[in-house]
Student: 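Handing you a structure now.
Lettering follows sequence order; numbering is per chain, from 1.
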2 protein chains.
Amino acid sequence: MAKAAIASPWKSETERKTERALKREAVLAAAAHVFSERGYHRASLDEVAQVLNITKPTLYYYFKNKEAMLFACVQHGLDMLEAAGGAEDGNGRAQLAAYLEGYAAVIETDFGRCAVRISDAELSEASRKKVRRIKGEIDRKIRQLVTAGIADGSIASSDPKITAFALAGALNSIGQWHPQAGVPADKKLAGEYINLLMNGLAPR
Amino acid sequence: MAKAAIASPWKSETERKTERALKREAVLAAAAHVFSERGYHRASLDEVAQVLNITKPTLYYYFKNKEAMLFACVQHGLDMLEAAGGAEDGNGRAQLAAYLEGYAAVIETDFGRCAVRISDAELSEASRKKVRRIKGEIDRKIRQLVTAGIADGSIASSDPKITAFALAGALNSIGQWHPQAGVPADKKLAGEYINLLMNGLAPR
DNA sequence: AAACTATGTTACTCAAAAGTAGAGAGCGGA
DNA sequence: TCCGCTCTCTACTTTTGAGTAACATAGTTT
């Protein structure tokens with residue numbers, strides 16, 4: 001395959017395609033940033049546009065409307081949360097801890113915070129349904145890890161359903177208070193969280 | 001003191017005062033309900049008024065504006081959270097657990113959810129400052145209980161600051177997902193949460 | 001060169017919801 | 001009986017921000 005020896009200022013068909021895709025992603029990233037920082041309602045599209053040095057109508061070239069942007073942000077965030085990789089080996093508890101670590105890392109991103117902080121009441125019925133489905137899958141994933149841990153004796157829990165719910169909820173709170181107070185938001189925070197969830201407060 | 005033998009249809013000066021206070025409280029309760037259920041921005045004052053079978057302008061007779069209502073809701077919720085009583089005796093861990101139980105119970109009320117779910121970015125700078133102060137006091141209270149537990153050996157934690165933050169965050173999440181999914185929102189939920197926080201997932 | 005496509009812009013419209021003006025009803029006191 | 005106070009209403013104004021219309025410009029294609 002012949003590779004271009006010099007950088008051409010003219011773009012090929014496919015280059016233009018990807019350029020558009022890149023711009024769309026940039027819009028999405030900007031939206032995620034503003035939404036997660038200011039909340040969906042308080043965030044105006046003028047702000048989003050300003051971040052990108054463009055004007056509001058341009059956004060409509062890439063997204064149908066504000067809600068479509070939000071949905072894309074939330075969906076992307078949830079996809080990241082679901083795909084948060086953990087260890088494949090080790091006992092149930094170790095695998096769960098590894099997954100939760102990945103989960104926490106995602107929550108510290110703009111998309112993760114969008115997925116977690118923004119109420120799905122903002123979305124249309126159709127979008128909400130999709131969001132619920134992915135959230136359900138994440139919940140099932142955690143619950144399944146908990147159940148596996150119970151089975152191999154590495155986890156003590158009487159109710160995997162509530163436990164999964166509590167774990168997700170606790171980690172989600174990382175994204176909640178984070179932006180306001182002066183919190184040590186580095187790795188240590190998530191680590192302490194997970195340590196607390198794994199070992200509890202009572203001394204062993 | 002002479003007590004009225006028959007119920008008079010006319011109200012005394014003080015009775016009218018308290019009646020007004022009661023109405024103000026009713027407005028606040030309605031606002032807390034709508035705010036916590038739909039979120040501050042999505043909630044309209046027409047809705048709040050409708051709940052009370054009155055019209056919007058009447059609300060303005062009891063509160064300066066929408067933000068004042070929100071502030072009163074949040075402040076009341078935070079006051080409840082701070083006053084959530086725990087046991088006075090027992091070791092540090094027992095006292096902390098008792099306090100957290102009270103905390104969780106408050107979060108299941110409209111005011112508690114307002115205090116916890118609504119971003120203080122909604123508030124004016126002045127109100128936000130007051131909110132931060134109370135939040136700081138709650139945080140200090142939890143941290144102090146954790147520290148006491150560490151001192152008497154009933155709690156294992158390397159970092160009281162982060163631990164207090166994580167505890168509050170975890171419990172706050174009770175109020176987050178609660179309204180959406182079909183969750184067993186009874187006593188069991190909070191109980192499982194606290195059990196998880198106290199004992200962790202790892203078997204003992 | 002003409003027409004078409006992609007990407008933006010300026011300058012609007014439109015809707016929703018906060019907030020206000022001012023009238024009116026009912027009660028209590030002079 | 002009239003005045004004034006409390007409380008609530010109807011009928012506005014105002015503001016904010018989403019969404020749109022219409023035009024501009026540059027590159028691309030025919």
Side-chain angles (χ1 to χ4, degrees), chain A residues 7-28 30-32 34-35 37-73 118 121-124 127, chain B residues 4 7-28 30-31 34-35 37-73 118 121-124 127:
Chain A
S8 165
W10 290 277
K11 287 129 193 167
S12 73
E13 176 83 15
T14 58
E15 271 177 328
R16 264 181 284 120
K17 277 261 171 57
T18 58
E19 190 169 312
R20 180 182 165 87
L22 284 177
K23 285 185 182 175
R24 197 187 139 101
E25 276 170 39
V27 168
L28 202 59
V34 176
F35 288 169
E37 196 150 274
R38 309 233 316 141
Y40 178 64
H41 261 101
R42 277 187 309 274
S44 81
L45 293 188
D46 283 316
E47 275 179 274
V48 175
Q50 200 178 339
V51 168
L52 298 163
N53 293 317
I54 59 178
T55 58
K56 184 174 61 170
T58 301
L59 300 175
Y60 284 83
Y61 184 66
Y62 296 98
F63 287 91
K64 184 173 164 287
N65 54 28
K66 192 183 181 186
E67 199 229 284
M69 280 183 219
L70 178 65
F71 176 65
C73 286
I118 291 174
E122 311 278 4
L123 297 167
S124 70
S127 306
Chain B
S8 165
W10 291 277
K11 288 127 194 167
S12 72
E13 178 82 16
T14 56
E15 271 176 329
R16 264 181 284 122
K17 277 260 170 60
T18 58
E19 192 169 311
R20 180 183 164 86
L22 285 177
K23 285 185 181 174
R24 197 186 140 103
E25 276 169 40
V27 168
L28 203 58
V34 177
F35 289 169
E37 195 150 273
R38 309 234 316 141
Y40 177 65
H41 261 100
R42 277 185 309 275
S44 82
L45 293 189
D46 283 316
E47 275 178 275
V48 175
Q50 202 177 337
V51 167
L52 298 163
N53 293 314
I54 58 178
T55 57
K56 184 174 59 170
T58 301
L59 299 175
Y60 284 82
Y61 184 68
Y62 296 98
F63 286 92
K64 187 172 163 290
N65 53 29
K66 192 182 183 187
E67 198 229 286
M69 281 182 219
L70 178 66
F71 175 65
C73 286
I118 292 174
E122 311 277 4
L123 298 166
S124 70
S127 306

Student: Roughly, in whole Å, what's the span from CD in B:Glu67 to P in C:dA17?
Tutor: 19 Å
Student: With a 4.0 Å cutoff (strictly under), does any side-chain N or O of B:Lys56 reach OP1 or OP2 of C:dT20?
Tutor: no
Student: B:Asn65 CG to C:dG19 P: how many Å, rounded?
Tutor: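 Atom CG in B:Asn65 sits about 5 Å away from atom P in C:dG19.
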Student: From C-beta outward on B:Arg20, which listed nucleotide comes closest to its side chain: D:dC7, C:dA18, D:dG19?
Tutor: D:dC7
Student: Could you state the OH-C1' distance from B:Tyr40 to C:dA16, rounded to the nearest angstrom?
Tutor: 15 Å
Student: Can you tell me if the side-chain N/O atoms of A:Thr58 get under 4.0 Å from OP1 or OP2 in C:dT9?
Tutor: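 Checking C:dT9 against A:Thr58, a side-chain N or O does come within under 4.0 Å of OP1 or OP2.
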Student: Between A:Arg20 and A:Tyr61, do the side chains contain a donor N or O and an acceptor N or O under 3.5 Å apart?
Tutor: yes
Student: For A:Phe63 and D:dA18, give me the distance from atom CZ to atom P, rounded to whole Å.
Tutor: 15 Å
Student: A:Tyr61 side chain: which of C:dT7, C:dT10, D:dT8 is closest?
Tutor: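 Among C:dT7, C:dT10, D:dT8, the one nearest the side chain of A:Tyr61 is C:dT7.
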Student: Calculate the interatomic distance between B:Tyr62 atom OH and D:dT8 atom C1'; express it in whole Å.
Tutor: 9 Å
Student: Specify the separation, in whole Å, of atom CG of A:Leu59 and atom P of C:dG8.
Tutor: 10 Å
Student: Using heavy-atom distances to pick each residue's nearest nucleotide on DNA chain C, tell me which of B:Lys66 and A:Pro57 is more 5'.
Tutor: A:Pro57
Student: Atom NE2 of B:His41 to atom C1' of D:dT16: distance rounded to whole Å?
Tutor: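 So the NE2-C1' distance, B:His41 to D:dT16, works out to 10 Å.
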Student: Under 4.0 angstrom, heavy atoms only, what part of the nucleic acid is B:Ala49 near: base, sugar-phosphate, or nothing?
Tutor: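 No contact.
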Student: Report yes if at least one side-chain N or O of B:Lys23 is closer than 4.0 Å to OP1 or OP2 of D:dT6; otherwise report no.
Tutor: no
Student: Tell me: CG of B:Leu45 to C1' of C:dT20, nearest whole Å?
Tutor: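 The distance from CG of B:Leu45 to C1' of C:dT20 comes to 13 Å, rounded to the nearest Å.
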Student: Can you tell me how far apart CG (A:Leu22) and CD (A:Glu19) are? Round to the nearest 0.5 Å.
Tutor: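 Between A:Leu22 CG and A:Glu19 CD, I get 7.5 Å after rounding to 0.5 Å.
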Student: Does a nitrogen or oxygen in the side chain of A:Tyr60 sit under 4.0 Å from OP1 or OP2 of C:dG8?
Tutor: no
Student: Hey, can you tell me if A:Tyr40 and A:Phe35 have their rings parallel, tilted or perpendicular (30° and 60° cut-offs)?
Tutor: perpendicular
Student: Has B:Thr55 got a side-chain N or O lying under 4.0 Å from the OP1 or OP2 atom of D:dT8?
Tutor: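 Answer is no, no contact under 4.0 Å.
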Student: Can you establish whether the number of heavy atoms outside B:Glu67 located under 6.0 Å from its atom CD is more than 12?
Tutor: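 Check passes, neighbour count above 12.
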Student: Under 3.5 Å, is there a donor-acceptor pair between the side chain of B:Arg38 and the main chain of B:Ala43?
Tutor: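 A pair under 3.5 Å: no.
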